[in-house]
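All remarks here apply to the structure that follows.
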Amino acid sequence: MRNEPPTPEVVAGIITDDDYVRARRQPRPGDSLYLHLADLRQAMALPAAAKPGCILDYGCGGSPYRDLFPGARYLRADLPDTTGTDYVIQPDGTIKAPDGQFDLVLSTQVLEHIAEPDNYLRECFRVLAPGGQLFLTTHGFYEEHACPNDFHRWTADGLRHDVEAIGFQCQEVHKLTTNGRAVLQLIEQYSGALFASRWHPFGMWLGIIRWLPSRWRAALHRWSDRFHGSYRVVPSTEPGHSFYLALAIRAMKPRGTAPR
């Protein structure tokens, strides 16, 4: 056994592209990742409804969801080369914050980039006040996107297991962008990787698929919002949603419980 815990790698938080942050803060029909990012934004209403007083955005990047928490004391943690943070993530993956300081730890699309997720989750547990909540989103089935690394994917059962193993009490798990809406998002992203003669029926079909998103993408997205509403933020207990792009979990630090 190693004498020291492995060092987790946290998402590099340098966000210089205003469009990147805007697409998450205000997803618009017609954006290339609208279907998924709009669902992620919708899921963020779950922790926002609790109106937490003190929040840690742990692996914050550009903090695209900060506006959902008006009036909260909103503190940010990321790697040393991220500007405007309140805490710098140390080489051992910890931050210099007191135990039990926060009502909410917010972690959006970070966990898949961490080599040792247990270390990160333990630190989330440590800095939460008893009764405080962790709201965490990460990917289920999604493309590899290293920044600088991409280590993991989860199922709903797997994410619940890993969070509860630290000592959290899981309150709910949601699947984000499921079934036909997930397929539509992937078609938009990857139809260009499929090739066939335009004179062949399959090639003609591919041509239509590629043309529609580029010219009528916003209308296609609005159509999906209307008819795929039940595929956006779905309780994990609801049957028939075995294909999904991401997961959201809300969990509580119980009073008097230590991390395992």
Side-chain angles (χ1 to χ4, degrees), residues 11-48 57 59-70 74 76 78 82-84 106-113 135-148 150 153-154 174-194 205-234 241 243-248:
V11 148
I14 307 171
I15 305 292
T16 57
D17 188 341
D18 290 341
D19 287 339
Y20 178 94
V21 176
R22 194 279 307 158
R24 285 150 180 80
R25 181 177 294 135
Q26 296 177 319
R28 300 170 185 162
D31 292 346
S32 61
L33 294 174
Y34 168 80
L35 295 175
H36 182 43
L37 294 182
D39 298 351
L40 182 57
R41 177 81 181 188
Q42 186 179 100
M44 297 305 300
L46 298 171
D57 190 345
C60 59
S63 296
Y65 306 110
R66 184 172 187 167
D67 64 302
L68 293 173
F69 302 93
Y74 195 100
R76 304 168 67 242
D78 215 311
T82 307
T83 59
L106 191 63
S107 173
T108 57
Q109 312 306 95
V110 175
L111 198 64
E112 68 268 21
H113 299 285
F135 187 81
L136 182 150
T137 68
T138 189
H139 280 300
F141 303 96
Y142 200 66
E143 67 178 4
E144 192 173 297
H145 55 291
C147 57
D150 189 356
R153 294 294 181 273
W154 275 268
H174 285 84
K175 299 174 180 179
L176 311 183
T177 318
T178 76
N179 294 358
R181 188 169 169 96
V183 171
L184 185 57
Q185 176 68 77
L186 295 177
I187 286 173
E188 283 201 63
Q189 290 178 248
Y190 294 109
S191 63
L194 300 173
W205 178 81
L206 283 178
I208 293 171
I209 290 294
R210 292 176 191 141
W211 178 72
L212 279 176
S214 63
R215 291 200 56 182
W216 293 348
R217 181 176 288 162
L220 188 66
H221 291 168
R222 293 187 183 98
W223 175 88
S224 182
D225 286 348
R226 180 178 179 183
F227 293 102
H228 290 158
S230 60
Y231 297 165
R232 300 187 65 178
V233 180
V234 184
H241 294 266
F243 184 70
Y244 43 90
L245 298 188
L247 293 160

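Count residues from 1 along the sequence.
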Do the side chain of [X] and the main chain of [Y] share a donor and acceptor less than 3.5 angstrom apart?
X      : Y      : value
His139 : Leu245 : yes
Arg24  : Tyr20  : yes
Asp57  : Arg76  : no
Gln185 : Ser32  : yes
Arg181 : Leu35  : yes

Are any of the side-chain heavy atoms of [X] and [Y] separated by less than 4.5 Å?
X      : Y      : answer
Asn179 : His228 : no
Ser63  : Tyr74  : yes
Ser224 : Tyr231 : no
Leu220 : Leu184 : yes
Tyr244 : Val234 : no
Phe243 : Leu186 : yes

Working to the nearest 0.5 angstrom, can you tell me the gap between [X] [atom1] and [Y] [atom2]?
X      : Y      : atom1 : atom2 : result
Cys60  : Arg66  : SG    : CZ    : 9.0 Å
Asp39  : Thr177 : CG    : OG1   : 3.5 Å
Thr137 : Leu247 : OG1   : CG    : 9.0 Å

Practice item. Please list all pairs passing the salt bridge (Lys or Arg N to Asp or Glu O under 4.0 Å) test where one or both residues lie in residues 25-34, with sequence neighbours left out. Key: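 Sorted pair list: Arg22-Asp31.
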Review point. In this structure, which one of Arg41, Met44, Gln42 forms a side chain to side chain contact (heavy atoms under 4.5 Å, CB included) with Val233?
Key: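 Of the listed residues Arg41, Met44, Gln42, the side chain to side chain contact (heavy atoms under 4.5 Å, CB included) partner of Val233 is Gln42.
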Which heavy atom in [X] sits nearest to a heavy atom in [Y], and how many Å separate them?
X      : Y      : answer
Phe135 : Ala248 : CZ-CB, 3.8 Å
Asp78  : Gly61  : OD2-N, 2.8 Å
Pro27  : Ala38  : CG-CA, 3.8 Å
Arg217 : Gly30  : CD-O, 3.1 Å
Gly59  : Val110 : O-CG2, 3.4 Å
Phe69  : Tyr65  : CD1-O, 3.4 Å

Practice item. Using a cut-off of 6.0 Å, state whether more than 12 heavy atoms not belonging to Glu144 lie near its atom CD. Key: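 Open.
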Review point. Between Asp225 and Tyr34, do the side chains contain an N or O donor and an N or O acceptor separated by less than 3.5 Å?
Key: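 Result is yes, a qualifying pair exists.
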Point to revise | Distance-only side-chain donor-acceptor flag, Gln189 / His36, under 3.5 Å | key: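 No.
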Practice item. May I have the step-by-step check of side-chain contact (heavy atoms from CB on, under 4.5 Å) for Thr108 and Leu40, ending in yes or no? Key: CA-CA 9 Å; Thr108 57; Leu40 182 57; 5.6 Å; no
**Study point:** Evaluation steps, side chain to side chain donor-acceptor pair (under 3.5 Å), between His145 and Gln109
**Key:** CA-CA 11 Å; His145 55 291; Gln109 312 306 95; 5.9 Å; no
